[in-house]
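Computed from a predicted model, the values in this text were never measured in an experiment. Counting convention: from 1, in listed order, for ligands and their atoms alike.
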Amino acid sequence: MPFRSPRPDVEIPDLTLYDLLFTSLSPEDLEKVAVVDGASGAETTYAALRDQVDAIAGALAARGVGVGDVVALHSPNSPAFVAVFHGILRAGATATTVNALATGHEVAAQLEDSGARTLLTVSPLLSAATEGAAAAGIASERVIVLDGAEGHESLADLLACGAPAPEVSVDPSTHLAVLPYSSGTTGRPKGVMLTHRNLVANVAQSADLVGVGPEDRVLAVLPFFHIYGMTVLLDLALLQRATLVTMPRFDLPEFLRIVQDQRCTFVFIAPPIAVALAKHPLVDEFDLSAVTTVFSGAAPLDGEVGGAVARRLGCSVRQGYGMTEMSPVSQLIPAGRDDLPLSSVGITVPNMECMLQDPATREEIPVPATGVSEPGELCCKGPNVMVGYLNNEQATSLTIDEDGWLHTGDIATVSAEGVVSLIDRLKELIKYKGYQVAPAELEATLLAHPQIADAAVVGGRDEAGEEIPKAFVVLQEGAELTEQDVMDFVAGRVAPYKKVRQVVMIDAIPKSSSGKILRRNLRGA
Ligand code: 4UU
């Protein structure tokens, strides 16, 4: 028998994200601050945000963007991101969010694959953006630079356009709201088709359990371009009429200053930030007393580290689990359940069904009457599960089976009480500081080197025990390449978080008879 949430199902409004977030703002909500720029303290109220979203939608429509179009957004977190993201959706278009650290080549790949014909970026990222746009055949007039750049339209131009937001009518259940990229269980990054309903559902499913409320000041350092920041910050926190405090990137002193000065109450993090909060001496120099909750996700949180953060900050530390393909949240430790161990990812969100499957036999693993189950691959169903991968039926059918189960590629156990714990990762995916690194992409990069005959990339560990990309490389006859040469070669071609950080030279890559890399034999080698 599959297992479900111990909580009852919730109603999922049949609305677009805009209608969910912006059409039921009360007079008091309108006056509240929706977004604060952490660096400058500049504030945007809900009324001003809604006006900006409408104005951006009108300006995009005036530039020919409409239902069915894909618009790329390539920017670190800022108040402008919030308005532009929702403006794209309000115009009836689909937003594909590009990692702010992407190289020109990576930007091009996403623009081409997603079919985006308009790109919104910021001046510090302009060189990658213009290189990517040019390679994807997007004219420079279609590259809008939010903070302004010679020869490009800016956010100010969009806001001054004056065209009304268009009348659009889309079916929330089928219309694609966003196309974030994820490598899923295997291969290169793919566009994850998420409808308005997927996103609205995941907010409805997780809002009560996450516990952000209207009085919360929520630190938004996790990138909005990744599904965690997108759903939990851009959507859930705004639905709850909380205040988002944006930071463009993580920097410990600035992070601590902003949490202190902005009196942030809710801090969403990925595990590397927990390590800094637990151990760094600088933490004692700031007043973090407003913080009630630190919530971690995107990679395994060490239970000891989490406990140390809770004691040091005198706050609740919880975590959630999910993946892009589930919009993303499927399990989390709910508010008020600090008794659940931090070594677990908590309970299943409402409206979802999950089961564990033995990866070898494909048999379902039973949920025990007492104690904890055997480990198996976590498989999930629910209204938050993606439609599929864009233009990739093969990858879709490998991930969502004929019975509709999404295979997460994660190995978990479940207790009699429904508490899920992650044990291992079955899929190739590597997580570096919570960011996705697809081994297939790095292997292709390595194979482009004329002196490399074969290569395999797996997750290794650095001295601190953090997961890192590790390459096994077979050199061509007579090649004189060092480990450092290999790392430098890759570093010149990929975003910094994808760098290969360990290299092992070997004679042959272990492969199955069908030619698949036997990654298990390399992990721990
Ligand atoms: C061990 O990282 C994410 C989603 C993060 C998220 C989800 C719900 C954060 C908070 C929240 O409440 O998505 P992706 O697609 O980038 O990566 C998905 C993969 C998972 O399959 C799993 O391997 O990231 C890993 N992962 C985790 N691993 C995600 N969260 C966790 C976790 N512990 N808490």
Lys/Arg N to Asp/Glu carboxylate O, E106 vs K498, below 4.0 Å: yes
N/O pairs closer than 3.5 Å, ligand 1 and protein:
from     : atom 1 : to   : atom 2 : distance (Å)
ligand 1 : 2 (O)  : K431 : NZ     : 2.7
ligand 1 : 15 (O) : T324 : N      : 2.8
ligand 1 : 15 (O) : T324 : OG1    : 2.6
ligand 1 : 15 (O) : Q436 : NE2    : 2.9
ligand 1 : 16 (O) : H226 : NE2    : 2.7
ligand 1 : 16 (O) : K431 : NZ     : 2.9
ligand 1 : 16 (O) : Q436 : NE2    : 3.2
ligand 1 : 17 (O) : K431 : NZ     : 2.8
ligand 1 : 21 (O) : D410 : OD2    : 2.5
ligand 1 : 21 (O) : K427 : NZ     : 2.6
ligand 1 : 23 (O) : D410 : OD1    : 2.7
ligand 1 : 23 (O) : D410 : OD2    : 3.3
ligand 1 : 23 (O) : R425 : NE     : 3.0
ligand 1 : 24 (O) : K431 : NZ     : 3.1
ligand 1 : 30 (N) : A298 : N      : 3.2
ligand 1 : 33 (N) : A299 : O      : 3.4
ligand 1 : 34 (N) : Q319 : OE1    : 3.0
ligand 1 : 34 (N) : G320 : O      : 2.7

Partners meeting salt bridge (Lys or Arg N to Asp or Glu O under 4.0 Å) with K427 (sequence neighbours left out): D410
Ring pair (Phe, Tyr, Trp, His ring centres under 6.0 Å) against Y435, all qualifying residues, sequence neighbours excluded: Y497
Partners meeting side chain to side chain contact (heavy atoms under 4.5 Å, CB included) with S183 (sequence neighbours left out): L429, Q436, A438
Of K431, R501, R425, K433, the residue whose pairing with E467 passes salt bridge (Lys or Arg N to Asp or Glu O under 4.0 Å): R425
K470/D462 salt bridge by N-O under 4.0 Å criterion: no
